[in-house]
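Note that the structure is predicted; figures quoted are calculated from it, not measured.
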Amino acid sequence: MREYPVEKIRNIGIVAHIDAGKTTTTERILFYTGRLYKLGEVDEGTATMDWMPQEKERGITITSAATYCVWKDYQINIIDTPGHVDFTIEVERSLRVLDGCIVIFDAANGVEPQSETVWHQADRYEVPRIVFVNKMDRVGADFEDTVNQIKKKLNSLPLVVQLPIGSAEEFKGIIDVINFCAYIWDDEEGKIFHKTDVPQEYKEKTQLYRKKLIEKIIDFDEHIADKYLKNEEITKDEIKSVIRKLTINNTAVAVFCGSAYKNRGIQMLLDGVCDYLPSPLECKVEGIDVETKEKKTIKKTEDEILCGLIFKVQTDKYFGKLLYTRIYSGKLKVNDMIYNPRTSKTERLGRIVRLHAQQKEDVKEAYFGDIVGLIGLKNFSTGDTICSKKHPILVESIHIPEPVIWEKIEPKTKMDEEKLAYALNNFLEEDPTLHLKVDHETGDTIIAGMGELHLEIIVDRLKREYGVEIRTSKPQVAYREYLTESVVEEGKYIKQSGGKGQYGHVVLEFNPLARNSGVKFINKIYGGKIPKEYFSAIENGVKEALESGPIGGYPVIDIEVVLVDGSYHEVDSSEIAFKMAAEIAVKNAYKKSQAIILEPIMKVEVTTFDDYLGEVLSDFSSRRGKVINMEAKSHMYHIRANVPLAEMFGYATVLRSLTQGRASYTMEFSHYEEVPKQILEKLNFVLKSV
């Protein structure tokens with residue numbers, strides 16, 4: 001039997017810019033809900049959710065961790081996510097399966113670059129959210145400015161439901177705008193607090209904010225609007241009901257405040273999770289019927305057919321392959337037969353576990369709305385749907401960003417070769433943003449990832465977890481190639497060797513697309529010129545050939561390939577022949593269409609004291625950077641710029657030197673641009689060596 005009714009379940013994530021306080025907030029949530037009996041600290045390496053050695057040493061979250069707790073008869077399943085952009089896939093796949101999330105902002109820094117990134121990721125999956133303005137105890141904390149930035153930078157409607165009493169060293173409590181009362185904490189641990197009247201000096205401000213709140217929500221509710229016009233009292237339950245509706249519809253966000261590190265405001269934030277974020281029943285999920293190819297809304301009941309999504313794979317040295325799974329409908333039992341519509345294979349489920357960071361607790365059943373770990377399924381990967389063979393269905397998979405950096409990797413000894421292959425295979429299953437390829441000309445193994453830190457962590461894990469001693473090259477930029485002209489090319493693969501021959505013939509049209517369009521394959525063959533059983537082979541041949549462009553062997557992007565004509569032989573045609581014909585057509589197109597090299601451009605934000613502004617800007621200029629905007633706040637400047645990734649290696653050390661260690665920066669991928677000709681000449685030796 002289900003322990004808590006589904007309407008009292010909340011599946012939430014905690015997302016934010018790096019160092020905004022996600023893990024600290026999660027630790028406090030677990031402490032105040034009784035899940036932990038001692039507070040852990042990120043800086044001391046004792047945080048429960050940061051369980052990896054690399055996380056404890058660096059004081060950052062690298063991998064998303066799942067847990068659960070209970071607050072006032074609500075079961076809250078939580079995923080704590082990284083803030084560093086190199087591990088953005090952890091945020092992406094978590095948001096894909098969550099019903100709601102808490103977005104945390106640093107009150108001193110407001111809306112930072114990675115804050116915008118995770119906000120737009122939540123937009124992509126239409127995840128309702130509430131806001132927690134954290135670090136109200138910090139020097140420079142500005143609650144009202146952060147609220148204004150949420151409105152302007154994120155184009156959102158913030159509904160202020162709390163106000164801070166003081167800020168920085170003077171921060172001592174929180175005002176509840178809806179209930180018109182205040183909460184003051186009485187102990188350092190934050191367990192004991194008392195409810196009191198709003199302080200006299202804050203009454204006018206609180207009344208103003210309560211009036212603003214009501215004026216914002218009356219536009220969305222006729223009943224409350226009618227009462228407001230008649231000067232009738234609007235109850236707190238009516239206000240909360242409308243805020244909940246607006247939150248679930250992604251029309252507005254409720255804004256809370258506090259200080260997780262100082263143990264202030266977490267209990268009210270938990271109340272907000274229960275009051276405003278949706279239950280699994282209130283979230284619409286769509287899938288595609290494998291047989292009819294039609295979209296269908298997944299019904300959320302225990303009696304409905306099974307449907308779930310594997311959003312993360314983790315290799316555990318004790319349990320083997322652990323699959324983090326969100327169940328959307330139906331229920332699961334140990335020993336059930338689980339169908340994978342991607343592979344068309346069925347496997348028996350060995351174990352079901354509830355997750356608490358690295359701890360696992362066996363359960364016999366799991367129900368729709370649950371987030372659990374599955375053990376014993378070997379041929380399932382990230383993004384796979386689990387379902388019943390009688391009722392196959394596919395749920396939309398997870399958006400996976402492309403890697404922007406690569407390095408060569410090799411074992412130091414022959415004995416390490418097998419261990420390296422085994423370890424890398426596990427990493428590839430765990431991390432879809434990690435790519436691996438072998439250069440067939442040189443025999444080099446190349447790994448590609450999202451940034452220097454990403455690859456650094458992979459190398460560190462190879463040594464620690466698998467005992468593999470390796471050598472690596474310096475990280476290199478993952479360039480891309482782009483065909484600038486439309487061409488139509490033919491590809492023929494004809495081979496006769498006495499017996500059955502090989503025959504494949506295709507005509508392909510190649511069209512350049514706008515940036516970030518990806519690779520698109522379109523089939524326009526009609527009338528049986530090529531049997532349909534060869535279409536997938538042609539598509540595979542095209543995509544494999546596009547992995548190696550004509551200039552430097554880099555992948556070709558933003559291109560549309562259209563199959564417009566071809567022919568076949570009733571006896572000699574085969575899948576391999578059509579795949580080879582497609583590859584020949586691509587290589588023929590390379591000879592006729594002018595190609596260019598593209599480089600990744602990074603969105604960089606530096607926060608520095610005004611004393612060092614000139615040095616930082618001058619350094620950007622030397623790196624081919626383009627400053628987008630600057631914002632001054634007190635004695636600090638926030639500088640946003642677009643800089644080629646090729647110019648950003650080792651930037652952390654340079655920035656420390658320029659600013660005496662008093663500046664910080666963040667960097668994330670923005671877009672691709674053509675490499676200038678003068679830079680391309682310098683890169684010529686690199687291009688020829690890849």
- Query: Please walk me through it: do R138 and D106 pass salt bridge (charged side-chain N to carboxylate O under 4.0 Å, His left out)?
  - Reply: CA-CA 9 Å; R138 273 191 65 182; D106 182 330; 2.5 Å; yes
- Item | Verdict with supporting geometry, K211 and Y228, side-chain contact (heavy atoms from CB on, under 4.5 Å) | CA-CA 10 Å; K211 185 182 178 185; Y228 181 76; 3.9 Å; yes
- Task: Report the C-alpha separation of K312 and E429 in whole Å, then their side-chain angles, then the decisive distance to 0.1 Å, and conclude whether the salt bridge (charged side-chain N to carboxylate O under 4.0 Å, His left out) test is met.
- Result: CA-CA 9 Å; K312 178 174 176 176; E429 282 203 285; over 6 Å; no
- For side-chain contact (heavy atoms from CB on, under 4.5 Å), just list the numbers for T433 and E92, CA-CA rounded to whole Å, side-chain angles, deciding distance to a tenth of an Å, and then say yes or no. CA-CA 11 Å; T433 60; E92 190 80 34; over 6 Å; no
- Task: Apply the test side-chain contact (heavy atoms from CB on, under 4.5 Å) to residues T33 and I76: give CA-CA distance (whole Å), side-chain angles for both, the deciding distance (0.1 Å), then the verdict.
- Result: CA-CA 10 Å; T33 57; I76 304 175; 5.7 Å; no
- Evaluate the criterion side-chain contact (heavy atoms from CB on, under 4.5 Å) for residue pair F256 and Y276; output intermediate values, then yes/no. CA-CA 12 Å; F256 297 78; Y276 304 125; 3.7 Å; yes
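The line from OH of Y4 to CD1 of I9 is 10.0 Å long, rounded to the nearest 0.5 Å.
Between T25 and I104, some side-chain heavy-atom pair lies under the 4.5 Å cut-off. Under the 4.5 Å side-chain criterion, counting only non-hydrogen atoms from C-beta, F105 is not in contact with H17. Side-chain contact between V6 and L281 is present, with at least one heavy-atom pair separated by less than 4.5 Å. Counting heavy atoms from C-beta outward, F143 and V255 have side chains that approach closer than 4.5 Å. Contact annotation: the side chain of N11 never approaches that of I79 to less than 4.5 Å [non-hydrogen atoms, C-beta and beyond]. The closest side-chain heavy-atom distance from I386 to Y339 is not below 4.5 Å. A heavy-atom distance below 4.5 Å is not found between the side chains of T67 and L355. Side-chain contact check for I12 versus L277: some heavy-atom pair is nearer than 4.5 Å.
A salt bridge links D362 with R351; the closest basic N to acidic carboxylate O contact falls under 4.0 Å. Using a cut-off of 4.0 Å between Lys/Arg side-chain N and Asp/Glu carboxylate O, E116 and K603 are scored as not salt-bridged. One finds no salt bridge joining E112 and K153 here, because no Lys/Arg side-chain nitrogen approaches an Asp/Glu carboxylate oxygen to under 4.0 Å. Here D99 pairs with R326 in a salt bridge; the nearest charged N to carboxylate O distance falls below 4.0 Å. Comment: E238 engages K227 in a salt bridge, judged by a side-chain N to carboxylate O separation of less than 4.0 angstrom. With respect to E294 and K296, no salt bridge is recorded, no charged nitrogen being found less than 4.0 Å from a carboxylate O.
Listed for the K321 side chain is no donor-acceptor partner under 3.5 Å among the backbone atoms of S381. Remark: the backbone N or O of A260 is paired with a side-chain donor or acceptor of R28 at under 3.5 angstrom. Checked by atom type and distance alone, the side chain of Q75 never pairs as donor or acceptor with a backbone atom of V70 at under 3.5 Å. Checking side-chain atoms of N249 against main-chain N and O of K245 turns up a donor-acceptor pair under 3.5 Å. Checking side-chain atoms of K240 against main-chain N and O of T235 turns up no donor-acceptor pair under 3.5 Å. Between the side chain of D384 and the backbone N or O of R342, no donor-acceptor pair lies under 3.5 Å.
In this structure, a donor-acceptor pair under 3.5 Å is absent between the side chains of N77 and R10. Judged by distance alone, the side chains of Q207 and Y209 never bring a donor and an acceptor atom under 3.5 Å apart. T117 and E668 are linked by a side-chain donor-acceptor pair at a separation below 3.5 angstrom, with hydrogens and angles left out of the test. In the model, Q121 has no side-chain atom that pairs as donor or acceptor with a side-chain atom of D123 under 3.5 Å. With 3.5 Å as the limit, one finds no donor-acceptor pair spanning the side chains of H638 and N629. Checking H194 against D186 by side-chain atom types alone, a donor-acceptor pair falls below 3.5 Å.
Within the cation-pi definition used here (under 6.0 Å to the ring centroid, within 45° of the axis), R354 qualifies as a partner of Y68. The cationic group of K72 does not satisfy the cation-pi geometry with Y74, failing either the under 6.0 Å distance to the six-membered ring centre or the 45° limit from the ring axis. For the pair R129 and W119, the distance from NZ or CZ to the six-membered ring centre is under 6.0 Å and the angle to the ring normal is within 45 degrees.
Between F311 and Y324, the ring-plane angle classifies as perpendicular under the 30° and 60° cut-offs.
Listed by chain and number, the residues in a salt bridge (Lys or Arg N to Asp or Glu O under 4.0 Å) with D142 amount to none (sequence neighbours excluded). For K262, there are no salt bridge (Lys or Arg N to Asp or Glu O under 4.0 Å) partners two or more places apart in sequence or in a different chain.
For the side-chain contact (heavy atoms from CB on, under 4.5 Å) test with P164, the passing option among M136, R264, E144, K172 is M136; the others fail. Tested against I393, the residues L306, I298, I288 include a single side-chain contact (heavy atoms from CB on, under 4.5 Å) partner, I298. Under the side-chain contact (heavy atoms from CB on, under 4.5 Å) test applied with L213, the options I218, V242, L208, I239 reduce to a single match, I239.
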